[in-house]
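Please read the structure below before turning to the comments.
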Amino acid sequence: MRLVLLIAALAAALGLAVATSQSPRPAPLSTPAVDFSAERAMLDVRRIAARPHPVGSLEHALVQAYLLGRMTDMGLQPTLQAGVLSPAAVARIEKRGDSARGLRAVNIVGVLPGRDPALPAVVMMAHYDSVPGSPGAADDASGVAAILEAVRAIKARGPAERTLVVLLTDAEELNLDGARAFFSEHPLRDRVGAVVNLEARGGGGRAMMFETGPGNAETIAQFARATRDASGGPSSDSLAVFVYRLMPNGTDFTIAAQRGLAGVNLAFIGRPAQYHSPTSTPEALDQGSLQHIGSLALETADHFLRVDALPRATQNAVYGDLFGLAVVRYAPGVGWLLLALAAGLTGFAAWGARHATGLRCADVGRGVAGGLWLASSGLVLAQAVRVLGGPVGRRIDSPETYYTLLRRLPWMEAGVGLALLAAVLVLLAGRAWIGRRLVAGVLIVAGVLAAILGGFDPVGAGALVVALALTFWPRGGDEGHWGGWLGLIGLVLLAGALAQAAAPEAAHLLIWPGLAAALAAAASALIGARLTRRAALAPPVVAAVLVGGWLLGYGHGIFLGVGMDLPGALGLIALLLAMLARPLAPAAPSARRTLAAAAGAVLLLGCGLSLAGRAAEPPPTADAVVVP
């Protein structure tokens, strides 16, 4: 029974993740004037992204002239603002063999006046230049076209209180020079109260709000209200904002945020093969992604234009969306209350299990050890399977290699995901039951492989030592249902408490699933603490499907963002999934054999898929077009 429930729950969780990760349907030309239509926006995408249009090219000048005409026809009274190119931008131009003499970053600035010109203005921003060799249909013709369509819809909704500034920046692909020029020199810069920026790193997928201005609690509250009825619903998470601040990446919004302005940065990052690629054409662009990002931008900007007061900088909120249906948000200190509630529910479940099954503290301790084994071994396996797809870290020695790896990313994601699933299945089957030497041998081979192909990594080496030590720990490897389940919950809540103390914006990824698992454990203890009745297994099944589906969708975004260099980050998702699925682990020898065989099969399949990426997406030949 448990094996069937386990397979059904994991399959349902995956199905839920896939279903809720889809971009919305593009709205047709017949969509009411007050709403966003991707098909209307595509008319501009096809003109802007007909050919590559980097700064200094004839195509760039033609795109600029087209946008001037479009904005004039819309009544935005556009003007041009020229700014100097930075030394970094000049160096990039000269590196590709062109001359930067006489080139400038030329922004196109339009204005839709509001009823009260004294109120702070709202800026909608995207860049209209592309990298050489790429038509840039996604990056960032989609953003420019979405803004033009959103402005049309805003006008159709009637006059707003605030002025809207349409800022189409130039030279973003060189060094953000257009945004630097506007926010340091343009007369309108001091009137700006909020910014909505549109970007892309890829050619599809759901759009996400991944960056805000400082002290974003009020911004998130307004964003959540504004986007409830947007096509595809809101998509954002405080962990993404927290991680992005730690990364060296930058967009035009970076310049606005450095000035302390409120606002949001929107982007989609699916279909990574199209990033800065000749394949980023209007025909290849996911129109559902355009619909999603455009609808989010429209509703957010329209809200900012009509709200009584724009968001102020206060404190950073903790927040995340639930399948695009709503954004859950709260003050950072609430995380401690959620942890306390989860701890109380876990304690109640432990009390019920102790009276019904004789659960001991040592059993829970073995469950904690199992979780540590999974985290460490998962990191080792993930890194090994990842390096089969190509180099990592400092071994990515050229832009050509980087873009090749982006094309292989879906293959590597599937491979790493299967490797982590194999580790979860080993935990559920029991590494002591499978055979400690066999498990250790696989881990050693994986660790050596990762070191040879990816270079020595002290974190990976440390994880291998921990995994091997826990593999051979005499009292570990075959935890009981309650001991394994409560041990994993306790480990996750402990990690959540540490994250809450160090970075509360990121802690909810641990706290929310930990709370859900604790609630399921308490409910099971009430229904039947021996876990022999189907009704007693219903709470963990529900938690595994709903929370597991949320986590799998979350993990997809994590891998697209950092998986190329940090595939072990998905190990955290594997640990959380194991926590949810642990009470469904079968005890019968035949079922354990099935799980063990499945673990070996999915690990081999994961290795094969990562290797297949090399054949499916080989490095470009010497005479191929390479985007710098």
Side-chain angles (χ1 to χ4, degrees), residues 53-57 60-61 63-72 74-94 99-114 117-131 139-140 143-144 147-148 151 162-199 211-214 249-265 301 304-305 310 313:
H53 46 284
V55 173
S57 65
H60 180 269
V63 168
Q64 182 186 102
Y66 170 74
L67 293 173
L68 273 170
R70 281 283 286 123
M71 292 171 68
T72 299
M74 296 179 72
L76 297 177
Q77 302 176 346
T79 59
L80 299 178
Q81 180 208 7
V84 298
L85 292 179
S86 63
V90 171
R92 290 191 178 189
I93 293 173
E94 293 178 345
S99 173
R101 181 175 299 176
L103 293 184
R104 310 267 282 177
V106 182
N107 297 326
I108 309 174
V109 184
V111 177
L112 180 64
L119 292 175
V122 176
V123 169
M124 295 191 77
M125 176 168 61
H127 67 90
Y128 72 94
D129 63 310
S130 77
V131 296
D139 183 18
D140 195 21
V144 173
I147 287 178
L148 296 178
V151 171
R162 288 185 176 78
T163 294
L164 174 64
V165 176
V166 177
L167 172 59
L168 305 184
T169 64
D170 195 12
E172 190 272 351
E173 298 291 2
L174 294 175
N175 193 37
L176 316 180
D177 284 350
R180 296 181 199 278
F182 179 86
F183 287 106
S184 62
E185 301 171 10
H186 199 281
L188 291 175
R189 71 186 187 278
D190 294 325
R191 290 187 53 194
V192 177
V195 178
V196 178
N197 186 61
L198 284 74
E199 260 290 357
E211 187 181 13
T212 68
N249 308 42
T251 68
D252 283 339
F253 187 83
T254 304
I255 308 301
Q258 289 172 350
R259 288 179 59 90
L261 291 172
V264 297
N265 202 358
F304 285 162
L305 289 168
L310 290 173

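Throughout, residue positions are numbered sequentially from 1 according to the sequence presented. What you see is a predicted model; the values in this text were computed from it and never measured.
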**Request:** Evaluate the criterion side-chain contact (heavy atoms from CB on, under 4.5 Å) for residue pair V196 and V123; output intermediate values, then yes/no.
**Result:** CA-CA 6 Å; V196 178; V123 169; over 6 Å; no
**Asked** When you look at N107 and H186, which way does the side-chain hydrogen bond (donor to acceptor under 3.5 Å, both in side chains) test go after all the steps?
**Response** CA-CA 10 Å; N107 297 326; H186 199 281; over 6 Å; no
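The two residues L198 and D140 come nearest to each other via the heavy atoms O-OD2, 2.7 Å. Of all the heavy atoms in F183 and A256, the pair that sits closest is CZ-CB, 3.8 Å. When all heavy atoms are compared, the tightest approach of A126 to G143 is CB-C, 3.7 Å. Across every non-hydrogen atom of A105 and G178, the tightest pair is CB-N, 4.1 Å. Across all non-hydrogen atoms, the minimal contact from G193 to P120 is CA-CB, 3.8 Å. Contact between F182 and V192 at its shortest, heavy atoms only, is CE2-CG2, 4.3 Å.
The distance from the CD atom of E199 to the CG atom of N249 is 10.5 Å, given to the nearest 0.5 Å. The distance from atom CE of M125 to atom CG of L168, rounded to the nearest 0.5 Å, is 10.5 Å. The structure places CG of L174 at 6.5 Å from CG of D129, a figure rounded to the nearest 0.5 Å. A distance of 12.5 Å separates CG of L68 from CZ of R70, quoted to the nearest 0.5 Å. Rounding to the nearest 0.5 Å gives a distance of 8.5 Å between CD of Q258 and CG of L176. Taken from CG in L148 to CG in L67, the straight-line distance is 6.5 Å, to the nearest 0.5 Å.
Residues T169 and D252 bring a donor and an acceptor atom of their side chains to less than 3.5 Å of each other. Defined by atom type and a distance below 3.5 Å, a donor-acceptor pair is present between the side-chain atoms of H127 and D139.
Under a 3.5 Å cut-off, the side chain of D177 and the backbone N or O of S86 do form a donor-acceptor pair. Between the side chain of T212 and the main chain of V264, no donor-acceptor pair closer than 3.5 Å is present. In this structure, R180 contributes its side chain and I255 its backbone to no donor-acceptor pair below 3.5 Å. A donor-acceptor contact shorter than 3.5 Å is absent between the side chain of Q77 and the backbone of V111. Not a single donor-acceptor pair under 3.5 Å links the side chain of R162 to the backbone N or O of A118. Here the side chain of N265 pairs no donor or acceptor atom with the backbone of E211 at under 3.5 angstrom. Checking side-chain atoms of R92 against main-chain N and O of E173 turns up a donor-acceptor pair under 3.5 Å.
In this structure the side chain of D170 never reaches within 4.5 angstrom of the side chain of R104, judged on heavy atoms. Between I93 and S99 the shortest side-chain heavy-atom distance does not fall below 4.5 Å. Between V90 and R101 there is no side-chain heavy-atom pair separated by less than 4.5 Å.
Checked options L167, N197, L164; the residue passing with M124 is L164 (criterion: side-chain contact (heavy atoms from CB on, under 4.5 Å)).
A ring-centre distance under 6.0 Å is not found for H53 and Y128.
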